[in-house]
Amino acid sequence: MHDTTMLLIELGAIILGLGIIGRFAGRIGLSAIPLYLLVGLAFGHGGIFELSASEEFIAIGAEIGVILLLLLLGLEYSASELVDNLRTQYPSGAVDFVLNATPGAVAALVLGWGPVAAVALAGVTWISSSGVIAKILTDLGRLGNRETPVVLGILVMEDLAMALYLPILTTLLAGVGLMGGGITLVVALGTVGLVLYVALRHGRLISRAVSSDNPELLLLVVLGLTVLIAGIAQQLHVSAAVGAFLVGIALSGEVAESAQRLFTPLRDLFAAVFFVFFGLSTDPGNMPPVIVPALILAVVTVVTKVVTGWYAAQRAGISPRGRLRAGGALVARGEFSIVIAGLAAGVAAEIRPLATAYVLLMVIIGPLAARWTEPAVRALMPRLVKVSPGPPGQPPGERRERRQGREMREGPGAPSDTAARADSPTKP
């Protein structure tokens with residue numbers, strides 16, 4: 001009884017505190033993510049006050065938060081749009097890998113941790129956080145921007161690359177033979193390929209089977225299916241986040257629209273829990289010794305991600321301002337980096353605190369970079385981000401790009417810019 005009472009008190013205090021913090025962040029025009037993390041640090045291991053009764057419950061809620069973030073992200077796009085993104089943006093994915101994995105690998109080798117640790121730290125600095133970035137784009141109202149499909153295309157390629165990377169890393173860490181590692185890799189690739197095939201060929205049948213006029217039944221069926229697929233994907237050494245994303249792209253039409261409306265409040269609640277849990281699981285006392293390498297990596301990889309976004313958006317014909325917004329949006333790292341660091345902690349004990357400090361810095365810098373990269377560069381280098389006024393009658397700058405982005409996905413009859421800010425776009 002005592003444990004249950006403490007659980008309710010702690011959870012009530014956390015959720016109420018998150019609501020107050022979110023309202024404060026909204027008033028000052030910033031994302032609430034860094035504040036959620038600082039709350040977690042304050043009440044986690046080594047913090048001011050440790051939460052004991054609710055920690056396990058919050059851990060489960062954090063897993064659900066990541067799954068819902070990726071489900072909602074998948075609902076924004078259809079399977080055919082995903083394949084088109086992969087087909088057209090694979091050069092951007094290659095540039096992303098080279099620019100952002102290299103700093104981590106070099107840092108591990110310079111610190112003398114060995115080649116396996118270099119592979120692990122390369123993954124930490126390479127992979128952006130789909131969960132954090134999905135939240136940032138939602139908070140900033142940029143889902144309708146023309147550069148957003150480019151950002152999501154990079155994230156999709158990174159998430160799918162995890163189906164290759166994680167089995168390879170696990171094999172290297174375990175020291176198993178070539179045969180065992182090959183089998184794990186084949187299973188992972190086969191799982192992703194099968195789900196993509198079903199989504200492309202039979203997505204409408206899945207949507208029809210899931211569809212229901214009763215919101216309660218639709219919520220239960222979609223949530224149950226998503227968690228089930230995410231768990232199976234995790235069991236097969238494919239990320240649970242990838243599994244949830246693939247469920248999202250398999251649903252289309254009215255089912256996707258209804259699911260978005262139903263799951264948005266749940267996503268916001270559990271996403272906040274995820275960021276708090278990240279802070280709770282971090283001991284601030286382990287971070288000072290590695291803060292200098294973490295800062296150096298943070299500075300270098302902020303620049304490389306902005307360059308990645310610029311290159312990818314340039315290939316899509318987007319204006320300089322949109323390219324900077326794309327680069328700034330890609331800065332944040334998060335859940336994948338923590339998973340990789342946890343796997344590799346046995347090879348180099350120092351990699352966990354370094355990765356934790358690095359990810360914490362990047363999750364705090366990420367929302368700021370997404371919001372301020374383009375205005376800062378525009379103020380410092382106005383010629384670089386100069387935007388032409390366009391044909392008569394066409395709105396300039398960012399509004400024109402938003403309208404073009406919506407028309408690419410919704411057709412020329414897209415709603416006005418004001419309406420787009422109120423209602424995020426949905427898949428056809």
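Throughout, numbering of the chain's residues begins at 1 and tracks the sequence. The figures that follow rest on heavy atoms only: side chains count, while hydrogens, waters and symmetry mates do not.
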Point-to-point distance, once rounded to the nearest 0.5 Å, from CG of Leu361 to CZ of Arg333: 11.5 Å
Exam field: side chain Glu158 to backbone Ser128, donor-acceptor pair closer than 3.5 Å: yes
side-chain contact (heavy atoms from CB on, under 4.5 Å) involving Arg208 - partner list, sequence neighbours excluded: Leu205
Partner residues of Ser258 under the side-chain hydrogen bond (donor to acceptor under 3.5 Å, both in side chains) criterion, sequence neighbours left out: Arg261
Ala370 backbone acceptor or donor facing Thr373 side chain under 3.5 Å: no
Contact summary for Val331 and Gly366, nearest pair of heavy atoms: CG1-CA, 4.1 Å
Heavy-atom pair with the smallest gap, counting every atom of Ile291 and Ala357: CD1-CB, 4.5 Å
Qualifying ring pair (Phe, Tyr, Trp, His ring centres under 6.0 Å) pairs, either residue in residues 123-160, two or more places apart: Phe97-Trp126
Distance-only criterion, 3.5 Å: show the donor-acceptor pairs between side-chain atoms of residues 99-107 and protein atoms not counting sequence neighbours.
| residue | atom | partner | partner atom | Å |
| --- | --- | --- | --- | --- |
| Asn100 | OD1 | Thr304 | OG1 | 2.6 |
| Asn100 | OD1 | Lys305 | N | 3.4 |
| Asn100 | ND2 | Asp96 | O | 2.9 |
| Asn100 | ND2 | Asp96 | OD1 | 2.8 |
| Asn100 | ND2 | Thr308 | OG1 | 3.1 |
| Thr102 | OG1 | Val98 | O | 2.5 |

Close side-chain approach of Leu71 to Val247, heavy-atom, < 4.5 Å: yes
Distance-minimising heavy-atom pair for Ala332 and Ile136: CB-CD1, 4.4 Å
Minimum side-chain heavy-atom gap Leu354-Leu121 below 4.5 Å: yes
Min side-chain heavy-atom separation Val307-Val95 under 4.5 Å: no
Residue pair Ile206 / Ala250: nearest heavy atoms and the distance that separates them: CD1-CB, 4.3 Å
Distance in Å, Ile20 CD1 paired with Ile15 CD1, rounded so as to fall on 0.5 Å steps: 12.5 Å
Intermediate values then yes/no, side-chain hydrogen bond (donor to acceptor under 3.5 Å, both in side chains), Asn145 and Glu147: CA-CA 6 Å; Asn145 281 22; Glu147 75 273 2; 3.0 Å; yes
Non-hydrogen side-chain atoms of Tyr358 and Val290 separated by less than 4.5 Å: no
Interatomic spacing from OG1 in Thr138 to CD1 in Ile133 - rounded to 0.5 Å: 11.5 Å
Asp213 CG: over 12 foreign heavy atoms closer than 6.0 Å: no
Contacts of Phe270 that satisfy ring pair (Phe, Tyr, Trp, His ring centres under 6.0 Å) - sequence neighbours left out: none
Side-chain heavy-atom pair Val150, Gln89 within 4.5 angstrom cut-off: yes
Leu360 side chain reached by Val363 side chain, heavy atoms, under 4.5 Å: no
Check: Phe263 and Leu266 side chains under 4.5 Å, non-hydrogen atoms: yes
Val124 backbone acceptor or donor facing Ser337 side chain under 3.5 Å: yes
Atom pair CG/CG of Leu262 and Leu223 - distance to nearest 0.5 Å: 10.5 Å
From CG (Leu269) to CG (Leu18), nearest 0.5 Å: 8.0 Å
Approximate separation, where rounding is to 0.5 Å, of Leu72 CG and Gln260 CD: 6.5 Å
Leu137 to Thr148 - nearest heavy-atom pair and separation: CD1-CG2, 4.1 Å
Val306 and Arg323, any side-chain heavy atoms less than 4.5 Å apart: no
Flag, side chain of Arg371 to backbone of Leu140, donor-acceptor distance under 3.5 Å: no
Set of residues satisfying side-chain hydrogen bond (donor to acceptor under 3.5 Å, both in side chains) with respect to Tyr36, sequence neighbours excluded: none
Arg315 versus Pro91, closest heavy-atom pair with distance: NH2-CG, 3.7 Å
